[in-house]
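Read through the structure below, which is laid out as structure tokens, and then see the notes.
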Amino acid sequence: MSITVYVPRDAGALSLGAEAVAAAIAAGARQRAVDVRVVRNGSRGLYWLEPMVEVATADGRVAYGPVRPADVASLFEADFLHAGDHPLALGPTEDIAWLKSQQRLTFARVGVIDPRSLDDYRTHGGYRGLEAALKMSGADIVQALTDSGLRGRGGAAFPAGIKWKTCLDAQADRKYIVCNADEGDSGTYSDRMIMEGDPFVLIEGMTIAGLAVGASHGYIYLRVEYPHARQALQAAIASAEADGYLGDDVRGCGKPFRLEVRIAAGAYICGEETSLLESLEGRRGQVRCKPPLPAIEGLFGKPTVINNVVTLASVPTILDKGAAYYRDYGTGRSRGTLPLQLAGNLKRPGLVERAFGLTLRELVEDYGGGTASGRPLRAVQVGGPLGAYIPASQLDTPIDYEAFATIGGMLGHGGVVVFDDSVDMAAQARYAMEFCAIESCGKCTPCRIGSTRGVEVIDRIVAGNAAARERDEALLRDLCQTMLAGSLCALGGMAPFPVLSALDHFPEDFAGTADRTAS
Amino acid sequence: MKRAANAASLPDIPENVRTAVLTVTARLKDQPGALLPVLHGVQAALGCIPEASVPLIARELNLSRADVHGVISFYHYFRSQPAGRRVIYLCRAESCQAMGAGALEKHVKQRLGVDFHGTTADGAFTLEPVYCLGNCACSPAMMVDDELQGRLTPAGFDAWLAAEKTVAGTT
Ligand SMILES: Cc1cc2nc3c(=O)[nH]c(=O)nc-3n(C[C@H](O)[C@H](O)[C@H](O)COP(=O)(O)O)c2cc1C
Ligand code: SF4
Ligand code: FES
């Protein structure tokens with residue numbers, strides 16, 4: 001009997017040498033004439049341990065990591081194929097505390113299954129949500145989604161059920177399902193992990209969405225920076241087509257659903273849903289005015305459900321296990337689980353899926369293990385480049401949409417980027433403005449021009465002296481207010497958040513060099 | 001009508017560009033919203049979307065040249081000028097910043113002797129900034145073609161560059 005060894009093909013693991021590790025294991029097995037089957041799984045999300053190799057044993061999977069190609073010979077010597085002891089041994093994978101304490105609903109299969117195998121997907125509970133949905137009316141599916149309390153995971157946290165209902169109720173000869181896989185927020189990678197590690201769950205979620213609202217065609221708008229996700233999706237779509245999960249007659253239900261991957265072209269603003277639709281239609285990604293809502297008049301003018309990857313990938317669980325099951329996780333108006341992505345300066349960065357309600361401190365200290373540099377933590381940016389910088393004093397904030405709004409922050413897509421005390425917050429504020437200037441779609445003046453002015457003012461503040469600073473700070477705050485109030489979308493409308501939070505919580509970093517050299 | 005007028009005024013176009021564009025448009029032009037897929041196809045075939053290709057793309061898709069120009073210039077990924085043999089995308093975004101991307105960026109620029117958007121004198125490398133590669137748990141990150149690097153240090157970059165040059169030298 002062959003022994004199954006798992007070596008991730010996740011882009012993050014590949015970036016740390018997983019390909020060479022897989023090759024070394026295959027070569028080692030040949031050399032020793034042992035029958036080894038290497039499966040290229042997704043990542044379990046314990047990135048400080050990647051490449052993390054797992055071996056299937058009679059007692060479950062055991063893990064080793066981080067494995068470099070040079071470690072492979074000694075792994076064979078230690079008989080890792082039979083769970084032998086080795087300095088890199090991590091024990092049974094499921095018992096690793098970091099993983100065991102998580103509540104993986106959406107990520108249940110990521111890192112577990114072979115993402116290229118539809119059989120593996122089905123063996124691990126895949127397509128049960130669709131089977132359930134096929135027995136329901138569109139309205140009932142939408143109701144289940146509403147009852148689950150699922151809110152959009154792409155950033156705006158809009159209730160998914162309401163969006164679907166609007167689209168269901170719209171009358172049209174054609175409707176679309178669009179998956180927002182532009183994942184532009186820095187510090188986020190959960191969409192990528194799903195697409196690479198469990199692409200069928202996204203396909204299943206989109207198919208259910210199609211059945212629910214009566215859409216026959218879906219697009220996945222994928223960022224060009226994700227070539228590995230693209231390969232995984234295309235392979236999965238081909239398998240799903242071959243097995244009748246996609247096509248003219250989905251599982252014999254008489255309804256068609258087809259899926260296509262479209263590649264973006266490196267514009268952050270195209271993650272904004274109306275800009276994304278413009279881009280899919282073949283135009284510059286300029287933001288559209290709302291109304292009309294995309295759910296009523298979206299892609300090619302037709303009613304369109306547009307959701308984030310994680311939102312759509314959460315749908316199968318809800319249909320399979322029931323709305324109440326999902327809803328029972330979480331707190332207040334934040335129901336279910338959120339896949340949080342720990343990034344930046346942390347000892348143990350990676351993917352943590354937990355019910356809403358744990359605190360930011362638990363995330364960065366218990367899971368993250370504190371800073372990688374060992375220096376004191378100074379600031380945490382949650383929710384991508386438009387998210388506020390949160391000082392260490394606010395680490396006890398619970399992970400909950402409303403709680404974050406209270407402190408002037410947002411959870412966004414769930415990215416958590418940690419900075420140690422070497423960070424220069426004036427430089428971070430400047431970068432936020434610079435990023436807005438680079439990525440602005442150009443439609444509104446406060447965003448297009450204001451951001452460039454913002455960079456200039458911050459440069460002046462940093463170079464200047466105390467007297468000038470007061471005037472320039474007032475100018476900067478004023479500029480931020482203009483952007484907050486006068487921008488059509490959240491790029492210009494929220495870029496001031498990191499800037500203002502830096503000013504409010506870390507004013508000392510804005511003391512001009514003129515004064516700093518004097519003191 | 002519009003088509004004929006466009007075709008009549010189609011300026012000279014190098015043969016390889018014409019062939020590349022027509023191959024791509026023949027395959028893709030009938031799908032809805034075809035322009036981005038077509039531009040990706042042309043850039044994949046030619047390494048860039050040369051000025052000379054714009055009138056032909058416009059004609060094939062029944063768009064105005066201004067439309068096509070506008071789209072090419074809007075998206076950071078599309079380029080009108082040829083790049084170096086390999087394009088290095090270096091992440092400048094927050095997670096990578098928190099792990100030393102600033103110092104890495106200085107080092108890389110100095111090593112290659114170019115600024116962002118620049119191409120090395122030997123035409124081997126073009127350096128581009130990128131705003132997150134989704135590898136933020138392994139920051140700082142860099143991508144060259146489909147090859148992603150994580151936890152990249154200045155020394156790691158030098159090692160990568162040396163290996164690249166060896167490969168290039170032997171071919
Ligand atoms: C500037 C900007 C960038 C955005 N980028 C993304 C993105 O990369 N991915 C995403 O899913 N949503 C992004 N959004 C949010 C989308 O506009 C939209 O809310 C989302 O796709 C809806 O899906 P959801 O309800 O499932 O979250 C962005 C919004 C703005 C304003
Ligand atoms: S705020 Fe900026 S990105 Fe958003 S629509 Fe206005 S100009 Fe475009
Ligand atoms: S911020 Fe650099 S890879 Fe995400």
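Naming convention: chains lettered A, B, ... in sequence-line order (proteins, then strands); numbering from 1 in each chain.
Top candidate by heavy-atom pairs under 4.5 Å with chain B, chosen from A/Glu50, A/Glu183, A/Arg223, is A/Arg223. For chain B, the option among A/Ser279, A/Ala432, A/Gly350, A/Ala372 with the highest count of heavy-atom pairs below 4.5 Å is A/Ser279. Ranked by heavy-atom pairs under 4.5 Å with chain B, the first of A/Ala264, A/Gly184, A/Ser422, A/Gly17 is A/Ala264. Residue with the most contacts toward chain B among A/Gly12, A/Ala11, A/Gly384, A/Gly285: A/Gly285 (heavy-atom pairs, distance under 4.5 Å).
Heavy atoms closer than 4.5 Å to chain B are found nowhere in A/Arg348, neither backbone nor side chain. If you measure heavy-atom distances from A/Ser373 to chain B, you find no contacts under 4.5 Å at all. At a 4.5 Å heavy-atom cutoff, the contact between A/Ile269 and chain B is made by side-chain atoms alone. Contact annotation for B/Pro37: only side-chain heavy atoms (C-beta onward) come within less than 4.5 Å of a heavy atom of chain A. When heavy atoms are compared at a cutoff of 4.5 Å, A/Gln341 does not approach chain B at all. Residue A/Gln231 touches chain B through its side chain alone, counting heavy-atom pairs closer than 4.5 Å. Neither the backbone nor the side chain of B/Val38 has a heavy atom closer than 4.5 Å to any heavy atom of chain A. For A/Ala229, no part sits under 4.5 Å from any heavy atom of chain B, backbone or side chain. Residue contact with chain B, scored on non-hydrogen atoms closer than 4.5 Å, involves the backbone and the side chain of A/Ile263 alike. Using a 4.5 Å cut-off between heavy atoms, A/Val418 contacts chain B through its backbone alone, with no side-chain atom that close. With a 4.5 angstrom heavy-atom cutoff, A/Glu281 touches chain B only via backbone atoms. For A/Asp185, the part lying under 4.5 angstrom from a heavy atom of chain B is the backbone only. Using a 4.5 Å cut-off between heavy atoms, A/Cys270 touches chain B through its side chain atoms alone.
Counting heavy atoms of neighbouring residues, nucleotides and ligands inside a 6.0 Å radius, atom CD of B/Glu147 exceeds 12 of them. Under a cut-off of 6.0 angstrom, the local environment of CG in B/Asp145 is crowded, with over 12 non-hydrogen atoms contributed by other residues, nucleotides or ligands. Within 6.0 Å of the CZ atom in A/Arg68, the count of heavy atoms belonging to other residues, nucleotides or ligands does not exceed 12. In A/Arg230, the CZ atom is not crowded: 12 or fewer heavy atoms of neighbouring residues, nucleotides or ligands sit closer than 6.0 Å.
Between A/Arg283 and B/Asp67, the closest side-chain pair of non-hydrogen atoms is not below 4.5 Å. Proximity of A/Tyr189 to B/Ser95: side-chain heavy atoms (C-beta onward) are nowhere separated by under 4.5 Å. The closest side-chain heavy-atom distance from A/Glu225 to B/Tyr77 is not below 4.5 Å.
For A/Ser440, the side chain to side chain donor-acceptor pair (under 3.5 Å) test picks out no residue, with sequence neighbours left out.
Taking the ring centroids of B/Tyr131 and A/Tyr268, they lie at or beyond the 6.0 Å cut-off.
Across B/Cys136 and A/Gly187, no two heavy atoms sit closer than the pair SG-N, 3.3 Å. The two residues B/Tyr75 and A/Ala267 have their closest heavy-atom pair at CD2-CB, 3.9 Å. Of all the heavy atoms in B/Leu35 and A/Gly282, the pair that sits closest is CD2-O, 3.4 Å. Across every non-hydrogen atom of A/Asn345 and B/Ala98, the tightest pair is ND2-O, 3.4 Å.
Using modelled atom types and a 3.5 Å distance limit, the side chains of A/Gln428 and B/Gln97 yield a donor-acceptor pair.
Side-chain N or O atoms of B/His40 include none that pairs as donor or acceptor with a backbone N or O of A/Val224 at under 3.5 Å. Under a 3.5 Å cut-off, the side chain of B/His76 and the backbone N or O of A/Ala265 do not form any donor-acceptor pair. Under a 3.5 Å cut-off, the side chain of A/Ser15 and the backbone N or O of B/Gln149 do not form any donor-acceptor pair. Using modelled atom types, one side-chain atom of A/Arg262 and one backbone atom of B/Gly33 make a donor-acceptor pair closer than 3.5 Å. The backbone N or O of B/Gly70 lies less than 3.5 Å from a partner atom in the side chain of A/Arg284, making a donor-acceptor pair.
For the atom pair CG (A/Asp10) and CG (B/Asn135), the distance works out to 8.0 Å, reported to the nearest 0.5 Å. Here A/Tyr221 contributes atom OH and B/Leu36 contributes atom CG; the two are 6.0 Å apart, rounded to the nearest 0.5 Å.
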Please test A/Trp48 against B/Cys138 for side-chain contact (heavy atoms from CB on, under 4.5 Å), starting from the C-alpha separation and ending with a verdict.
CA-CA 8 Å; A/Trp48 76 101; B/Cys138 313; over 6 Å; no
Evaluate A/Glu434 against B/Arg92 for salt bridge (Lys or Arg N to Asp or Glu O under 4.0 Å), listing each step before the verdict.
CA-CA 11 Å; A/Glu434 184 193 1; B/Arg92 290 192 66 199; 3.0 Å; yes
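Residues of residues 99-126 of chain B that come within less than 4.5 angstrom of chain A, heavy atom to heavy atom, are B/Met99 in numerical order.
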